[in-house]
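Just so you know, ligand 1 is whichever comes first in the structure, and atom 1 is the first atom listed for that ligand.
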Amino acid sequence: MPNFDVDLFVIGAGSGGVRAARVAADYGARVMTAEEFRVGGTCVIRGCVPKKLLVYASRFADEFADAAGFGWTVPTPKFDWPTLIANKDREIARLEAAYTATLERYKVELIKSRAVLEDRHTVRLLASGARVRAETILIATGAAPYPGSTIAGLEYVISSNEAFHLPQLPKRVLIQGGGYIAVEFAGIFNGLGSEVTLVYRGENILRGFDDDVRAHVRGEMERRGITIVTRQTVAAVEKMGREYCVALSDNRKIVVDTVMFATGRHPNVAGLGLENAGVTIADNGGIAVDAFSKTSVANIYAVGDVTNRVNLTPVAIREGQAFADTVYGGIPTPVDHANVPTAVFSEPEVGTVGLTETQARAQLAKVDIYKTSFRPMQATLSGRDTRVLMKLIVDGSSGRLAGCHIVGADAGEMIQLVGVAVKMGATKADFDATMAVHPTAAEELVTLREPTASYHRAAE
Ligand SMILES: Cc1cc2nc3c(=O)[nH]c(=O)nc-3n(C[C@H](O)[C@H](O)[C@H](O)COP(=O)(O)OP(=O)(O)OC[C@H]3O[C@@H](n4cnc5c(N)ncnc54)[C@H](O)[C@@H]3O)c2cc1C
């Protein structure tokens, strides 16, 4: 019987790792975790949380402008980036301390070091060179920004990591990317007063989202003054004093103060020693796992972004919890990745759950679409030129809600609750039977009477 120093070694103290370590320890396991950067991981330190704080900051611009229509006289507002960043950093430090305290309370031993695998039971801590023998190992190392192919001047380009620590607000910023991080940062910089150009190689931003959502968000962003250039890529970045000249693939040149790439993220698998332990990588570039997050090696598990399944914090947390329940709680718990509700904190916000129209029409025999676009009530007095989009995708055979897509203020808050209904298998009739809350934007979700389109797939 081999002797182990700990029952569980968790590599990475982010969303998934912290949850798994804490719950496993609560079940009685002796747990050690290594973190090479800061406790809390991407979400807390340089992801969801600081991002949302910046989003809040950026939205005051609209509030100040809209106040006039409601009778307010607002003196010319002034914004100070260093104040925002300092306040944000203080909050992140508080959260990091809270996560660390939680680990201590549950007697999880925290080592501030990079950790790599030497074999299927041995972890080496690079800070001290010490080796730790663990019965079970959980890899929760997350993902990192991926800049895409190498171009001239890539060294001048920042990622979202650095965007949180810019010394000052750039007057002009060019962001390459069309995913949620690119779109969110475009909204943040635009709201704070920067001139923003978004460059995306595809046909339209937010690939993978419902096409109506993509078109609606793009229109709204352009109306707010963001320049969106699609079907182009950044070919080179040249430094010219304090500015950067960005050459696009069509030879267009754009001069800006900051160039940011948000061109995707890669699972943190490199240099981890996976080959020493026999852990295999899946086709998606993440660690290959089964429904219980077990890797190709029986005593090694992986959760969160490093598995490249659904790269969201609540999913990493759920996977970490399920791992601990399965291995230490005696409750085998697979994670259900279907119908994960999610938000894009763009301006305006997106909330989405379930199938897009394109997916539904490919997967279902009958599809009914209920769609509306309307001017939100607040815009009547503010005079703001903006519209809300709401779209329900209904499985025409069962009447079940297959998807819901919202673009507008508080879409993220709304979709959380629609997500419950979708998970419960709610039908369009259930929505119809629900009394509206008036006057709200969300009431439109229960008052959509006639389908705007219906599709029947011809029998094959
Ligand atoms: C800008 C941005 C905004 C985001 N916004 C949202 C959002 O609004 N909502 C949402 O749900 N998700 C959001 N995400 C995604 C979310 O942050 C991730 O899905 C989540 O953090 C994944 O958790 P994880 O535990 O897999 O990895 P992480 O939280 O990334 O934790 C991994 C940890 O492992 C450490 N580590 C890596 N390798 C080693 C090693 N060898 N040894 C020791 N430590 C190591 C890292 O330093 C890190 O702390 C955002 C991400 C970004 C970048």
> Less than 4.5 Å apart, side chain to side chain, heavy atoms only: is that true for Ile45 and Tyr99?
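Ile45 vs Tyr99: side chains apart.
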> Just need the protein heavy atom nearest to atom 15 (C) of ligand 1, so name the residue and atom and give the distance.
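Ranking protein heavy atoms by distance from atom 15 (C) of ligand 1, first comes Tyr180 OH, 3.5 Å.
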> Just which atoms of ligand 1 are under 4.0 Å from any heavy atom in Asn311?
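Contacts of ligand 1 toward Asn311, numbered from 1: 15 (C), 19 (O).
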> Geometry only, no angles: is Val306 polar-contacting ligand 1 at N/O separations under 3.5 Å?
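N/O-N/O distance under 3.5 Å: no.
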> Among all protein heavy atoms, pick the one closest to atom 16 (C) of ligand 1 and tell me residue, atom and distance.
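Its nearest protein heavy-atom neighbour is Thr313 OG1, 3.3 Å.
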> Could you tell me whether the side chain of Lys423 and the main chain of Val418 form a donor-acceptor pair under 3.5 Å?
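Answer holds: no.
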> Look at atom 21 (O) of ligand 1 and say which protein heavy atom is nearest, naming residue and atom and giving the distance to 0.1 Å.
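It is Cys43 N, 3.4 Å.
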> State whether the side chain of Ser249 and the backbone N or O of Thr233 hold a donor-acceptor pair below 3.5 Å, judged by distance alone.
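Here the side-chain-to-backbone pair exists.
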> With heavy-atom distances below 4.0 Å as the criterion, list the atoms of ligand 1 near Pro314.
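Result: 11 (O).
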> Could you go through Phe185 and Phe345, starting from their C-alpha distance and side-chain angles, then the distance that decides it, and tell me whether this counts as ring pair (Phe, Tyr, Trp, His ring centres under 6.0 Å)?
CA-CA 9 Å; Phe185 271 93; Phe345 296 99; over 10 Å; no
> Going by distance only, is there an N or O of Gly47 that falls short of 3.5 Å from an N or O of ligand 1?
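Between Gly47 and ligand 1, no N or O pair is found under 3.5 Å apart.
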> Looking only at protein heavy atoms, which one is nearest to atom 25 (O) of ligand 1, and how far off is it?
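For atom 25 (O) of ligand 1, the nearest protein heavy atom is Gly16 N, 2.8 Å.
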> Any atom of ligand 1 sitting under 4.0 Å from a heavy atom of Glu184?
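Not so, Glu184 does not reach ligand 1.
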> Could you check Val259, Val237, Val234, Leu248 and say which one makes a side chain to side chain contact (heavy atoms under 4.5 Å, CB included) with Gln176?
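Of the listed residues Val259, Val237, Val234, Leu248, the side chain to side chain contact (heavy atoms under 4.5 Å, CB included) partner of Gln176 is Val234.
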> Between Leu272 and ligand 1, which part of the residue brings a heavy atom under 4.0 Å of the ligand: side chain, backbone, both or neither?
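It is the side chain that touches ligand 1; the backbone stays farther off.
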> Check each of Val123, Asp305, Thr42 against atom 18 (C) of ligand 1 and report the one with the nearest heavy atom.
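When every heavy atom of Val123, Asp305, Thr42 is considered, Asp305 comes closest to atom 18 (C) of ligand 1.
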> Got the closest protein heavy atom to atom 34 (O) of ligand 1, with its distance?
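That would be Gly12 CA, 3.2 Å.
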> Can you pull out the closest protein heavy atom to atom 44 (N) of ligand 1? Residue, atom name and distance to 0.1 Å, please.
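The protein heavy atom lying closest is Glu36 N, 3.1 Å.
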> Can you check whether Asn268 has an N/O within less than 3.5 Å of an N/O in ligand 1?
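By distance alone, the answer is no.
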> Should Glu357 and Asp212 count as side-chain neighbours, where that means a heavy-atom distance under 4.5 Å?
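In short, these two side chains touch, coming nearer than 4.5 Å.
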> Has Arg46 got its NZ or CZ under 6.0 Å from the middle of the six-membered ring of Phe37, at an angle within 45 degrees of the ring axis?
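Yes, Arg46 and Phe37 form such a contact.
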> Any side-chain heavy-atom pair from Ile287 and Ile300 closer than 4.5 angstrom?
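Contact flag for Ile287/Ile300 side chains = no.
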> Indicate yes or no: at least one non-hydrogen side-chain atom of Asp211 is less than 4.5 angstrom from one of Asn204.
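SC-SC contact between Asp211 and Asn204 ruled out.
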> Does Arg131 have any salt bridge (charged side-chain N to carboxylate O under 4.0 Å, His left out) partners at least two apart in sequence or in another chain, and if so, which?
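Testing Arg131 for salt bridge (charged side-chain N to carboxylate O under 4.0 Å, His left out), a comparison that skips the adjacent residues, returns Glu118.
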> I need the contact type for Pro145 against ligand 1. Using non-hydrogen atoms and a strict under-4.0 Å cut-off, is it side chain, backbone, both or neither?
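None of Pro145 does.
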> So Glu195 and Lys171, do their side chains get closer than 4.5 Å, heavy atoms only?
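Heavy-atom side-chain distance check fails, nothing below 4.5 Å.
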> Only heavy atoms count here, so choose which of Gly142, Ser15, Gly304, Ala343 is nearest to atom 23 (O) of ligand 1.
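Going through Gly142, Ser15, Gly304, Ala343 one by one, Ser15 has the nearest heavy atom to atom 23 (O) of ligand 1.
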> Under a 4.5 Å cut-off applied to non-hydrogen side-chain atoms, are Thr352 and Thr342 in contact?
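Side chain of Thr352 against side chain of Thr342, heavy atoms only: contact under 4.5 Å found.
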> Using heavy atoms and a threshold below 4.0 Å, how should the contact between Leu312 and ligand 1 be classified: side chain, backbone, both, or neither?
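Both backbone and side chain of Leu312 come within 4.0 Å of ligand 1.
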> Does a side-chain N-to-carboxylate-O contact under 4.0 Å join Asp5 and Arg133?
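No.
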> Please list, in number order, the atoms of ligand 1 under 4.0 Å from a heavy atom of Arg38.
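Answer for ligand 1: 49 (O).
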> When you measure from atom 5 (N) of ligand 1 to each heavy atom in Arg309, Lys51, Arg19, which option holds the nearest one?
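Of the listed residues, Lys51 has the closest heavy atom.
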> If hydrogens are left out, which of Cys48, Ala34, Pro267 has an atom nearest to atom 6 (C) of ligand 1, that is, the closest non-hydrogen atom?
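Comparing heavy atoms across Cys48, Ala34, Pro267, the nearest one to atom 6 (C) of ligand 1 lies in Cys48.
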> Within the structure, is a non-hydrogen atom of Lys52 found at a distance of less than 4.0 Å from ligand 1?
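Contact absent.
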> Test of understanding: with side chain to side chain contact (heavy atoms under 4.5 Å, CB included), list the residues that count as partners of Leu154, not counting sequence neighbours.
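By the side chain to side chain contact (heavy atoms under 4.5 Å, CB included) rule, Leu154 matches Pro147, Ile151, Val157, Phe261.
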> Please report which non-hydrogen protein atom sits nearest to atom 37 (C) of ligand 1, along with the residue it belongs to and the distance in Å to one decimal place.
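For this ligand atom, the closest protein heavy atom is Thr141 O, 3.3 Å.
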> Do any N/O atoms on Glu35 end up under 3.5 angstrom from N/O atoms on ligand 1?
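Yes; at least one N/O pair falls below 3.5 Å.
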> Taking a cutoff of less than 4.0 Å between a non-hydrogen atom of the residue and any ligand atom, is Val116 in contact with ligand 1?
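Val116 does not count as a contact of ligand 1 under the 4.0 Å cut-off.
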> Does ligand 1 come near enough to Arg46 that some N or O of the ligand is less than 3.5 Å from an N or O of the residue?
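Between Arg46 and ligand 1 (N or O atoms, distance only) the closest approach is not under 3.5 Å.
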> Applying side-chain hydrogen bond (donor to acceptor under 3.5 Å, both in side chains), run through Ser373 and Arg387 and close with a yes or a no.
CA-CA 6 Å; Ser373 161; Arg387 295 186 78 76; 3.0 Å; yes
> Looking at ligand 1, is there an atom of it that comes within less than 4.0 Å of some heavy atom belonging to Ala163?
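No, that is not the case, since the closest heavy atom of the residue is not under 4.0 Å from the ligand.
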> Would Arg214 and Phe209 count as a cation-pi pair here, with the cationic atom under 6.0 angstrom from the ring centre and within 45° of the axis?
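Checked: cation-pi criterion not met.
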> So which heavy atom in the protein is nearest atom 31 (O) of ligand 1, and how far is it from that ligand atom?
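For this ligand atom, the closest protein heavy atom is Gly14 CA, 3.3 Å.
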